[in-house]
Amino acid sequence: MSNEFLLAGSVVLIFGAVLLGYKFFGRSGLYCMSAVMTILANIEVILLIDAFSMEQTLGNVLFAATFLITDILSECEGKAKANKAVWIGVFSSLFFLLLSQSWLIYTPSVNDYAYESIKNVFSNTPRMIISSLVVYVVSQLFDVWLYHKWWSFTEKRFGDKRKYLWLRNNGSTLISQILNTLLFTLLAFWGTYDAKTLISIFLSSYVIFIVTSLLDTPVVYFARRIHDKKIAE
């Protein structure tokens with residue numbers, strides 16, 4: 001099965017899970033998804049693959065989904081709830097970092113077969129998670145702030161609070177993702193890969209974020225419809 005097909009499938013699976021989480025569990029579902037996705041993204045980002053004629057890390061779709069979550073919360077629940085999701089992601093990542101590093105302190109049994117594999121994976125995660133936390137806080141809080149700035153602009157310009165959701169969604173995410181991609185590439189991979197690979201990772205990651213940002217716009221519209229239906233009921 002090709003990497004391209006798997007990546008496309010992951011977009012459907014992850015974005016669909018976000019929407020279902022909101023439909024069945026409201027903002028609590030999105031808070032849970034935010035915690036899970038920040039943890040999984042920091043594990044997945046260790047893997048480097050080739051897809052769509054680009055060398056790229058995994059984890060980009062999961063990271064993009066965290067921006068989708070804050071955009072849904074900004075649109076449907078308010079700025080404070082969106083910022084809360086950011087801090088939930090930070091808390092869950094810190095807890096996971098401490099717990100996963102404690103696994104490496106144990107002395108394995110002579111019959112153990114998994115320790116070396118666990119060590120190979122999680123010995124690399126501290127830099128990833130610390131880099132991700134710094135970038136996550138900066139870029140996500142900036143995204144939430146920019147989302148509401150765009151919202152204020154469109155409401156004042158066009159006199160309608162609900163119109164131009166696509167503009168505030170993409171206008172905030174595409175700009176904040178530049179900051180997110182640049183900072184994470186430098187903090188997480190500087191010294192690990194050469195300059196050519198770093199540039200490739202940055203460009204491929206941002207291209208993916210452009211695509212996922214455009215693809216997540218219908219999801220935000222569906223989420224708003226779910227919210228409106230709940231209010232009406």
Open item on the list: Looking at Asp50, is its backbone amide N or carbonyl O close enough to the side chain of Asn3 to form a donor-acceptor pair, meaning the two atoms are under 3.5 Å apart?
Closed with: yes
Open item on the list: Any side-chain to backbone donor/acceptor pair from Thr173 onto Asn169? Under 3.5 Å, distance only.
Closed with: yes
Open item on the list: Is any side-chain heavy atom of Lys81 closer than 4.5 Å to one of Val144?
Closed with: no
Which atom pairs, one a donor and one an acceptor, fall under 3.5 Å between side chains of residues 12-28 and the rest of the protein, sequence neighbours left out?
unit_1: Tyr22; atom_1: OH; unit_2: Glu77; atom_2: OE2; d: 2.8
unit_1: Arg27; atom_1: NH1; unit_2: Glu77; atom_2: OE1; d: 3.1

Task: Ionic contact status for Glu155 with Lys163, cut-off 4.0 Å - done: no
TODO: Calculate, to the nearest 0.5 Å, the distance between atoms CD and CG belonging to Gln140 and Leu179 respectively.
DONE: 11.0 Å
- [ ] Would you give the length of the straight line joining atom CG of Leu40 to atom CG of Leu58, rounded to the nearest 0.5 angstrom?
- [x] 12.0 Å
Task: Close side-chain approach of Tyr31 and Leu73, heavy atoms under 4.5 Å - done: yes
Task: Beyond-backbone contact of Val211 with Leu215, side-chain heavy atoms, under 4.5 angstrom - done: yes
Open item on the list: Walk me through whether Asn170 and Thr217 qualify under side-chain contact (heavy atoms from CB on, under 4.5 Å).
Closed with: CA-CA 7 Å; Asn170 290 296; Thr217 302; 3.0 Å; yes
Open item on the list: Closer than 3.5 angstrom, by distance alone: can the side chain of Trp151 be matched with the main-chain N or O of Lys161 as a donor-acceptor pair?
Closed with: yes
Task: For Phe202 against Thr185, the heavy-atom pair lying closest together - done: CA-OG1, 3.9 Å
Open item on the list: So which atom in Asp112 and which in Ala114 form the shortest heavy-atom distance, rounded to 0.1 Å?
Closed with: OD2-N, 3.2 Å
Open item on the list: For Leu104, is there any backbone N or O sitting under 3.5 Å from a side-chain donor or acceptor partner on Tyr115?
Closed with: yes
Open item on the list: Test: ring pair (Phe, Tyr, Trp, His ring centres under 6.0 Å). Region: residues 50-81. Which pairs qualify, not counting sequence neighbours?
Closed with: Phe63-Phe184
Task: Parallel, tilted or perpendicular, as decided by the 30° and 60° cut-offs, for the rings of Phe91 and Phe95 - done: parallel
Open item on the list: For Val90, is there any backbone N or O sitting under 3.5 Å from a side-chain donor or acceptor partner on Ser93?
Closed with: no
TODO: Report the C-alpha distance between His227 and Glu75 in whole Å, list the side-chain angles of each, state the deciding distance to 0.1 Å, and finish with yes or no for side-chain contact (heavy atoms from CB on, under 4.5 Å).
DONE: CA-CA 10 Å; His227 176 262; Glu75 182 68 28; over 6 Å; no
Open item on the list: With a 4.5 Å cut-off on side-chain heavy atoms, are Leu68 and Val220 touching?
Closed with: yes
Task: Distance-only polar pair, side chains of Thr212 and Asn60, donor-acceptor under 3.5 Å - done: no
- [ ] Report the C-alpha separation of Phe96 and Ile43 in whole Å, then their side-chain angles, then the decisive distance to 0.1 Å, and conclude whether the side-chain contact (heavy atoms from CB on, under 4.5 Å) test is met.
- [x] CA-CA 11 Å; Phe96 174 72; Ile43 299 172; 3.6 Å; yes
Open item on the list: Looking at every heavy atom in both Gly59 and Ala41, which two are closest together, and how far apart are they?
Closed with: O-CB, 4.1 Å
Task: For the student: nearest non-hydrogen atoms of Ser92 and Ala35, plus distance - done: OG-CA, 3.4 Å
Task: Enclosure of Lys149 NZ (heavy-atom neighbours >12, cutoff 6.0 Å) - done: no
TODO: For Phe142, look at atom CZ and say whether over 12 heavy atoms of other residues, nucleotides or ligands are found less than 6.0 Å away.
DONE: yes
Open item on the list: Using 30° and 60° as the class boundaries, would you call the ring planes of Trp150 and Phe153 parallel, tilted or perpendicular?
Closed with: perpendicular
Open item on the list: Distance check, rounded to the nearest 0.5 Å: Ser100 atom OG versus Ile118 atom CD1?
Closed with: 9.5 Å
TODO: Answer yes or no: is there a donor N or O on one side and an acceptor on the other, between the side chain of Ser34 and the main chain of Ala85, under 3.5 Å?
DONE: yes
Open item on the list: Tell me whether Ile208 shares a hydrophobic cluster with Ile49, the cluster being built from Ile, Leu, Val, Met, Phe, Trp, Tyr side chains joined at under 4.5 Å.
Closed with: no
Task: Under 3.5 Å: donor-acceptor pair, side chain of Ser213, backbone of Ile210 - done: no
Task: Flag, side chain of Asn120 to backbone of Glu116, donor-acceptor distance under 3.5 Å - done: yes
Task: Value rounded to 0.5 Å, distance of OG in Ser172 from CG in Leu167 - done: 9.0 Å
Task: Spacing of NZ belonging to Lys230 relative to SG belonging to Cys76, to within rounding of 0.5 Å - done: 9.5 Å
Open item on the list: Assess the residue pair Ser139 and Gln177 against the criterion (side chain to side chain donor-acceptor pair (under 3.5 Å)); give the C-alpha distance rounded to whole Å, side-chain angles, the decisive distance to 0.1 Å, and a yes or no.
Closed with: CA-CA 7 Å; Ser139 60; Gln177 286 288 18; over 6 Å; no
Open item on the list: As a quick check of understanding, evaluate side-chain contact (heavy atoms from CB on, under 4.5 Å) for Lys79 and Tyr147, giving each step before the final call.
Closed with: CA-CA 9 Å; Lys79 185 177 181 180; Tyr147 190 98; over 6 Å; no
Task: Atom pair NZ/CD1 of Lys196 and Ile201 - distance to nearest 0.5 Å - done: 13.0 Å
Task: Side-chain donor/acceptor of Gln101 to backbone N/O of Phe122, under 3.5 Å - done: yes
Task: Salt bridge present between Asp71 and Arg224 (N-O < 4.0 angstrom) - done: no
TODO: Determine the minimum heavy-atom distance between Tyr206 and Leu174, stating which atoms define it.
DONE: OH-O, 2.8 Å
Task: Path from Leu98 to Ile39 over hydrophobic side-chain contacts below 4.5 Å - done: no
Open item on the list: Restricting to non-hydrogen atoms, name the atom on Gly171 and the atom on Leu146 that form the minimum distance, rounded to 0.1 Å.
Closed with: O-CD2, 3.8 Å
Task: Trp190 atom CH2, neighbour heavy-atom count above 12 within 6.0 Å - done: no
